[in-house]
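This report concerns only the one structure given below.
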Amino acid sequence: MREWWLLVGLLCIPLLAVYLHIPPPQLSPALLTWRSAGAFFTFRSNNIFYRETYGAVGSSDVVILLHGFPTSSLDWYKIWEPLNRRFNRVIALDFLGFGFSDKPRPHRYSIFEQASVVEALVSHLGLTEQRVNLLSHDYGDTVALELLYRSDHNRTGHLTINSLCLSNGGIFPETHHPRFLQKLLKDSSFLSPVLTRLTNYMVFSKGYMPVFSHTVYISSYFHMIYGPLDPVNPHPQFIFLYQKLVQRSTVSVLDEHISHYPQLEDPTGFLNAYFSFINAF
């Protein structure tokens with residue numbers, strides 16, 4: 001029996017080596033278009049991808065979009081044009097280690113560093129004195145809260161925040177249930193790059209299918225937009241705790257069939273909720 005397992009192991013090694021050397025798939029036309037419409041700036045010797053467009057004439061409003069884990073700024077593509085009609089400038093970035101931004105290895109990634117990346121982008125774009133609106137999702141919620149903390153405490157280089165809207169983020173450990181793939185990828189050890197290279201579209205989509213709803217697959221300057229079918233931040237525990245702890249915030253709970261990615265699953269409902277909030281002050 002022992003010899004049989006040894007033989008299987010020896011056979012798997014060359015097969016794994018061959019698999020790891022298969023070139024990654026070509027970027028889709030949508031991704032190529034997204035990248036060509038963006039630009040890069042340098043943060044601590046790393047290239048950070050961002051996209052910026054100018055929209056509403058006569059408005060000076062700016063919105064900055066902060067994506068989730070482990071995806072990218074493309075998460076916002078379905079609501080980009082409507083936002084562009086409402087705001088003078090719409091800005092999104094790929095956090096360090098995500099999307100088209102550099103992925104240094106070895107590197108100890110942190111929320112604090114990602115917040116500094118956002119601050120650096122704001123400085124790069126000449127928006128240091130501008131009041132900005134933050135719209136975030138998932139991992140981006142935590143980055144947004146760090147930026148809010150810095151703003152409230154007048155930290156050097158902080159953003160001047162006009163409004164903050166979160167969506168389906170794991171901001172409470174008590175109610176946060178990350179997917180198995182998220183747990184593995186968050187580790188910065190040797191395992192992460194191996195898993196990243198092993199993960200193809202089929203594996204990724206299988207791991208993330210449950211965070212979308214089934215429909216996708218056939219008073220304050222503080223607001224939460226929430227898809228209640230979210231397995232990562234389950235209903236009603238998450239929203240009850242949020243309303244209890246963040247009493248000054250308003251909340252929009254979307255249709256019962258909307259899950260972890262509301263801006264992709266229900267862009268119309270998401271935008272209606274966001275515009276109702278942003279136009280209220």
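Since we're looking at a predicted model, the values are computed, not measured. By convention here, the first residue in the shown sequence is residue 1.
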Task: Pair F100-L27, side-chain contact (heavy atoms from CB on, under 4.5 Å): steps then yes or no - done: CA-CA 11 Å; F100 296 122; L27 294 178; 3.9 Å; yes
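- Take W80 and apply the ring-ring contact (aromatic ring centres under 6.0 Å, His included) test, not counting sequence neighbours, and it matches W34.
- Summarising the geometry, atom OG1 belonging to T160 is positioned 11.5 Å from atom CG belonging to L147; distances are rounded to the nearest 0.5 Å.
- Between K78 and Q263 there is no side-chain heavy-atom pair separated by less than 4.5 Å.
- Considering every non-hydrogen atom in both V246 and F222, the closest pair reads CG1-CE2, 3.8 Å.
- Partners of D152 under the side-chain contact (heavy atoms from CB on, under 4.5 Å) rule, at least two apart in sequence or in another chain, are L148, Y221.
- Rounding to the nearest 0.5 Å gives a distance of 4.0 Å between CZ of F270 and CD1 of I225.
- Listed by chain and residue number, F49 satisfy the ring-ring contact (aromatic ring centres under 6.0 Å, His included) test with F40 (two or more places apart in sequence, or in another chain).
- The backbone N or O of F240 sits nowhere less than 3.5 Å from a side-chain atom of Q243 that would complete a donor-acceptor pair.
- Contacts of R131 classified as salt bridge (Lys or Arg N to Asp or Glu O under 4.0 Å), with partners at least two apart in sequence or in another chain: none.
- For F95, the ring-ring contact (aromatic ring centres under 6.0 Å, His included) partners two or more places apart in sequence, or in a different chain, are H67, Y139.
- Atom CD1 in I48 sits 7.5 Å away from atom CD in Q114 (nearest 0.5 Å).
- Between D230 and N233 the shortest heavy-atom distance is OD2-ND2, 3.1 Å.
- Here the straight-line distance linking atom CG of L66 with atom CG of D141 works out to 8.5 Å at 0.5 Å rounding.
- Taking the side chain as every heavy atom from C-beta outward, V143 and V117 never approach each other to under 4.5 Å.
- Rounded to the nearest 0.5 angstrom, D94 CG and S72 OG are separated by 5.0 Å.
- A distance-only check finds no donor-acceptor pair linking the side chain of E113 to the backbone of Y109 [under 3.5 Å].
- The backbone N or O of N272 lies less than 3.5 Å from a partner atom in the side chain of S276, making a donor-acceptor pair.
- Put simply, the side chain of W76 reaches to within 4.5 Å of the side chain of L135, judged on heavy atoms.
- Residue F275 is grouped with residue L254 when hydrophobic side chains (ILVMFWY) are merged at heavy-atom distances under 4.5 angstrom, including chains of intermediate members.
- Side-chain atoms of K103 come within 3.5 Å of backbone N or O of S101 as a donor-acceptor pair.
- Scored by the salt bridge (Lys or Arg N to Asp or Glu O under 4.0 Å) test, E81 finds no partners at all (sequence neighbours excluded).
- Taking every heavy atom of both residues into account, S259 and N168 meet most closely at O-ND2, 3.6 Å.
- Criterion: ILVMFWY side-chain heavy atoms under 4.5 Å apart, direct or through other members. Under it, L166 and Y149 are not part of a common hydrophobic cluster.
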Please list, one pair per line, the donor and acceptor atoms closer than 3.5 Å that link side chains of residues 121-130 to other protein atoms, with sequence neighbours excluded.
| unit_1 | atom_1 | unit_2 | atom_2 | d |
| --- | --- | --- | --- | --- |
| H124 | NE2 | Y50 | OH | 3.4 |
| Q130 | NE2 | S60 | O | 3.1 |

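- Side-chain atoms of I79 and P267, non-hydrogen and from C-beta on, do get closer than 4.5 Å to each other.
- Summarising the geometry of N88 relative to A56, their closest heavy-atom pair is ND2-O, 3.2 Å, with the distance given to 0.1 Å.
- Cluster annotation: L245 is connected to I239 through the hydrophobic network of ILVMFWY side chains, with a link wherever side-chain heavy atoms come within less than 4.5 Å.
- Put simply, the side chain of Y261 never gets that close to the backbone of D75: no donor and acceptor are under 3.5 Å apart.
- Of the inter-residue distances, the one linking L74 atom CG with R51 atom CZ reads 9.0 Å to the nearest 0.5 angstrom.
- Among all heavy-atom pairs drawn from Y274 and V63, the shortest one is OH-CG2, 3.7 Å.
- Side-chain polar atoms of H223 and S252 form a donor-acceptor pair below 3.5 angstrom.
- Sequence neighbours left out, not one pair with a member in residues 38-49 passes side-chain hydrogen bond (donor to acceptor under 3.5 Å, both in side chains).
- For R150, the salt bridge (Lys or Arg N to Asp or Glu O under 4.0 Å) test picks out E119, E146, with sequence neighbours left out.
- Residues passing the ring-ring contact (aromatic ring centres under 6.0 Å, His included) test with F43, sequence neighbours excluded: none.
- Counting only distance, with no hydrogens or angles, the side chain of H137 and the backbone of H260 share a donor-acceptor pair below 3.5 Å.
- Remark: D255 pairs with H257, I258 by the side-chain contact (heavy atoms from CB on, under 4.5 Å) rule, at least two apart or across chains.
- Listed here is the closest heavy atom pair of Y77 and L264: CE2-CD2, 3.8 Å.
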TODO: Take N162 and N133 through the side-chain hydrogen bond (donor to acceptor under 3.5 Å, both in side chains) test and state the conclusion after the steps.
DONE: CA-CA 5 Å; N162 185 56; N133 302 284; 2.9 Å; yes
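- At distances below 3.5 Å, not a single donor-acceptor pair connects side-chain atoms of Y242 with backbone N or O atoms of S249.
- Applying the salt bridge (Lys or Arg N to Asp or Glu O under 4.0 Å) rule to R86 yields the partners D61; only residues at least two apart in sequence or on another chain are considered.
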